[in-house]
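Structure record follows, encoded as structure tokens.
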Amino acid sequence: MPELPEVEVVRRGLAQHVVGRTITTARLTGVRVARRHDAGPDDLSARLEGSVVEAADRRGKYLWLAVRRPGADAHALVVHLGMSGQLLVQEPAAPREKHLHATFEFADAGPQLRFVDQRTFGGVYLAALVPDPYAAGTGASEHPHGVPESVRHIAPDPLEAAYDLGAVSRRMRARQSAVKRAMLDQALVSGIGNIYADEALWRAGVHPERLCAALTKPTLGRVLHHAADVMREALDRGGTSFDALYVDVNGASGYFARSLDTYGQTGRPCGRCGTPIRRAAFMNRSSHFCPRCQPRPRIRRA
DNA sequence: CGTTCATCCTGAGAGC
DNA sequence: TGCTCTCAGGATGAAC
């Protein structure tokens, strides 16, 4: 479940069903699912055995479990869901999903944690925890265990206290690139993907290919404000599910798909002006927008 | 700095 | 029925 609301739904499921339990066995199928774990799948399995899950944390689309073996430092079991990854909490006797890549068993012999991913763009790996480079410095951090070293380059997402909308819009304005490209840059602001970028731009009435530098600061602020807003609304409805690929840890779908105004609405009337929503290729993927509410940039880029 | 493009995979749906 | 083509919630690295 790729974007922030969907990943947060999964994180909450992990907090409820996995935190506090002790991992006895981690079974990885093949090498691909653990390809980002440099020492290989066997090392990952071995290092997880006997670990207690202390927390389920997230930044943007990156999810991790803080795990600790008795007497050792905490580490992060990082999970990225990619395009089609799922984390499911299932009884040991439950049938194996077709694209099951990892199974985590617990000392209580209760439900297992399973990683299922049709396309295997996602994966799991173990990483050291380092101090959050974006921590505000004052008071308690939202990430008391820190962040995985591999997540250091990921900027705070709009639902974090460390998120600074003013700073992001300032950095954005300095860019000579399309506004949608900047919104999808996880090192600038994290958690936004193709769906919520299109939705936020529709709400703000900004064409995805407008140059950041050509937009006013208030306009950029509005775009970012809408991005946070639409993701909060989606989270309230359990995320966006188009099919069975995007479900929570119990296999349940979210209900935000019916609330989408542009994404996947090609040809349907714009909710504001009735003009048919258009789809255009952009960054090797698709943008959806209203050609009337979101006029094209006047100057075409070379 | 930026951008485009390819790549990693599987499956669904359209058109022929 | 089957074939080909396009498309899909993402991230990364090469080449320009």
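The listed nucleotides are C/dA11, B/dG11, B/dG2; the one nearest the side chain of A/Arg175 is B/dG2. For A/Tyr263, taking side-chain heavy atoms from C-beta onward, the closest of the listed nucleotides C/dT12, C/dA8, B/dT3 is C/dA8. Residue A/Lys98 places its side chain closer to B/dG11 than to any other of B/dG2, B/dG11, B/dT4. Taking every side-chain heavy atom of A/Ser177 into account, B/dG2 is the closest of B/dG2, C/dC7, C/dT12.
In this structure, A/Leu81 atom CG and B/dC8 atom P are separated by 22 Å, rounded to whole Å. Atom CD in A/Glu6 sits roughly 14 Å away from atom C1' in C/dA8 (whole-Å rounding). In this structure, A/Asp117 atom CG and B/dC8 atom P are separated by 16 Å, rounded to whole Å. If you measure from atom CD of A/Glu209 to atom C1' of B/dG2, you get 15 Å, rounded to the nearest angstrom. With rounding to whole Å, A/Leu184 atom CG is found 15 Å from C/dT12 atom C1'. A/His153 places its NE2 atom 9 Å from the P atom of C/dG13, with the value rounded to the nearest Å. Separating the CZ atom of A/Arg181 from the P atom of C/dA11 is a distance of 14 Å, rounded to the nearest angstrom. Distance, A/His101 NE2 to B/dT10 P: 8 Å, rounded to whole Å.
Taking the six-membered ring for Trp and the full ring otherwise, the centers of A/Tyr263 and A/Phe242 sit less than 6.0 Å from each other.
Within 4.0 Å of A/Gln118, counting heavy atoms only, lies at least one base atom of the nucleic acid. A/Phe256 comes within 4.0 angstrom of no nucleic acid atom, judged by non-hydrogen atoms across all strands. Using a 4.0 Å heavy-atom cutoff across all strands shown, A/Tyr196 reaches no nucleic acid atom at all. Base engagement by A/Asn284 is indicated by at least one non-hydrogen atom pair under 4.0 Å involving a base atom. Counting non-hydrogen atoms under 4.0 angstrom, A/Arg32 reaches the backbone sugars and phosphates but no base.
Salt bridge status for A/Lys61 with A/Asp157: absent, with no side-chain N to carboxylate O gap under 4.0 Å. Taking 4.0 Å as the cut-off between side-chain N and carboxylate O, A/Glu199 and A/Arg203 do not count as a salt-bridged pair. A/Glu105 and A/Arg27 are joined by a salt bridge, as a carboxylate oxygen and a charged side-chain nitrogen come within less than 4.0 angstrom of each other.
In this structure, A/Phe121 forms no aromatic stack with the base of B/dC9, since the conditions of centre separation below 5.5 Å and plane angle below 30° are not both met.
Side-chain to base pairing of A/Asp243 with B/dA12: no donor and acceptor N or O lie closer than 3.5 Å to each other.
When the C1' atom is compared between C/dG2 and B/dC9, the two are found 22 Å apart, to the nearest whole Å. Atom P of C/dC3 sits at a distance of 23 Å from the matching atom of B/dC8, rounded to the whole Å.
Between B/dT10 and A/His99, no contact under 4.0 Å exists linking OP1 or OP2 to a side-chain N or O. For C/dA11, the OP1/OP2 oxygens have no side-chain nitrogen or oxygen of A/Arg36 closer than 4.0 Å.
Using a 3.5 Å distance cut-off with no hydrogens or angles, the side chains of A/Tyr62 and A/Ser150 do not pair a donor with an acceptor.
Within the shown strands, C/dC5 is the pairing partner of B/dG13 under the Watson-Crick or G-U definition, both distances less than 3.5 Å.
For the atom pair A/Gln86 CD and A/Asp117 CG, the distance stands at 8.0 Å (nearest 0.5 Å).
When the nearest nucleotides of DNA chain C are assigned to A/Ser150 and A/Ser286 by heavy-atom distance, the more 5′-ward of the two goes with A/Ser286. When each of A/Met283 and A/Arg35 is assigned the nucleotide of DNA chain B with its nearest heavy atom, A/Met283 is the one assigned upstream, toward the 5' end.
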